[in-house]
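Here is the structure we will look at.
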Protein chains: 2
Amino acid sequence: MAVFLSSFVNKIDKKGRVSVPASFRAALGQDATGIVVFRSLQYEALDGCSIAHLELLSESLEKLDLPPETFELIETTIFGGSVQVPFDGEGRVVLPSSLTEAVGITSEIAFVGRRKTFQLWDPAKLATHEETARGQARAKDISLSKIIAAASGKLDGRL
Amino acid sequence: MAVFLSSFVNKIDKKGRVSVPASFRAALGQDATGIVVFRSLQYEALDGCSIAHLELLSESLEKLDLPPETFELIETTIFGGSVQVPFDGEGRVVLPSSLTEAVGITSEIAFVGRRKTFQLWDPAKLATHEETARGQARAKDISLSKIIAAASGKLDGRL
DNA sequence: TGGTATCCCATAAGAGCCCATGATTTGAAC
DNA sequence: GTTCAAATCATGGGCTCTTATGGGATACCA
């Protein structure tokens, strides 16, 4: 199972190619021929993962007893909207401009590891998003020490 | 479980390397290949911990019934913003300049042990922060003798 | 036929690895 | 308590390899 950690910012070149960070390619494994990318449902970003992970997700979802409308929404947004993009020989991909334009990616891409998946952002939008999230966390009085306390069973597991 | 105590100030060299204090590396254990670093939510500093601790935290939080927005804020700020940095052969790390610049770290780093985690500060900002904290502790009438009393069950565990 | 995808190659920067040295700490001997 | 040697730690530098970046040629497709 691929685990994506840390964040990287890489350039998009004149041919529309961008290097997938070496540690992400390592996480994907030597057999990986590419990645899967689709619009994020929550953010102005793309979500990415390994091909195998999307297939596993698909199988898992079929076993759930989801309402048909919910299943149909997932089918349309994630599976219908996903694009499989192959690596070139140097570990680069060319992302469809329909996806990158939709989320404001122009000349650089921020790869944000989210363990099982990763996100792709325009770096400026990511910075704004992170500052907003930090402000919201502070407003909710979330701190690292409280997170650790909650994880340890203190605070009745609440935050 | 790593326990980080004391504070140290080390230099950043021309190649951007800084020695992780030997006692912190000892706390991390011989198997440790690096550390994890992310922006502090509360302070103009970075938070750091062992890779294992962050993974444990992640697993623990998934088991809690946190409100989805709270979970997502934590996911974005701490997990999404964390960077795994490896040790070199001499116990040094190279911190991403995106993190060090965000908190004003330039030529020296103060490592501040916080038992399960540690903080990374620009030394001048740390000095200011500590003075502020001392003033606040005095205003709350906190003293070492009262801390010891509270820890011993006196004062009904209150401070 | 033009545009683009694919494949191949080259290069610079920096990450990673290895080694050395001076400063500081620690412990033993007196 | 002092001195000295050994061990440890922080600091510095050099070399090699990997990675990200850039470009050209060819094949394919609309």
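Each chain gets a letter, A, B and so on, in the order the sequences are listed, and its residues count up from 1. Given the structure is predicted, the values throughout are model-derived calculations rather than measurements.
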Contacts table for residues 44-57 of chain A: side-chain donor-acceptor under 3.5 angstrom, sequence neighbours left out:
{"residue": "A:E44", "atom": "OE2", "partner": "A:K125", "partner atom": "NZ", "Å": "3.4"}
{"residue": "A:S50", "atom": "OG", "partner": "A:H53", "partner atom": "N", "Å": "3.0"}

Under 4.0 Å between a side-chain nitrogen and a carboxylate oxygen: does that hold for B:E101 and B:R39?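 Between B:R39 and B:E101 there is no salt bridge, as every charged N stays at least 4.0 Å from the carboxylate O atoms.
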Could you tell me how the ring of A:F118 sits relative to the ring of A:F24: parallel (under 30°), tilted (30 to 60°) or perpendicular (over 60°)?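 Tilted: the ring planes of A:F118 and A:F24 meet at 30° to 60°.
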Summary of protein contacts for nucleotides 15-30 of chain D, nucleotide by nucleotide, where a base hit scores B, a sugar-phosphate-only hit scores S (4.0 Å, heavy atoms): ----SSBBBBB-----
Quick one, A:F4 and A:R115 - any side-chain contact, counting heavy atoms below 4.5 Å? no
B:Y43 versus B:V103: any side-chain heavy-atom pair under 4.5 Å? no
Which residues pass the side-chain hydrogen bond (donor to acceptor under 3.5 Å, both in side chains) test with A:K140, sequence neighbours left out? none
Taking the six-membered ring for Trp, are B:F111 and B:W121 ring centroids under 6.0 Å apart?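 For B:F111 and B:W121, the ring centres are not under 6.0 Å apart.
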By nearest-nucleotide position on DNA chain C, the 5'-leaning member of A:G89 and A:V94 is A:V94
How would you give the extent of chain A contacts on DNA chain C, as first and last nucleotide 5' to 3' within a 4.0 Å heavy-atom cut-off?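 The contacted stretch runs from C:dC7 to C:dC9.
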Paired stretches of DNA chain C - 3 or more consecutive Watson-Crick or G-U pairs, each distance under 3.5 Å: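 Paired runs of 3+ in DNA chain C: C:1-30 with D:1-30.
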Would you say CZ of B:R114 has more than 12 non-hydrogen atoms from neighbouring residues, nucleotides or ligands within 6.0 angstrom? no
Test: salt bridge (charged side-chain N to carboxylate O under 4.0 Å, His left out). Region: residues 14-28 of chain B. Which pairs qualify, not counting sequence neighbours?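 Listed once each, the pairs are B:D13-B:R17.
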Main-chain N/O of B:L73 paired with B:T76 side-chain donor or acceptor, under 3.5 Å: no
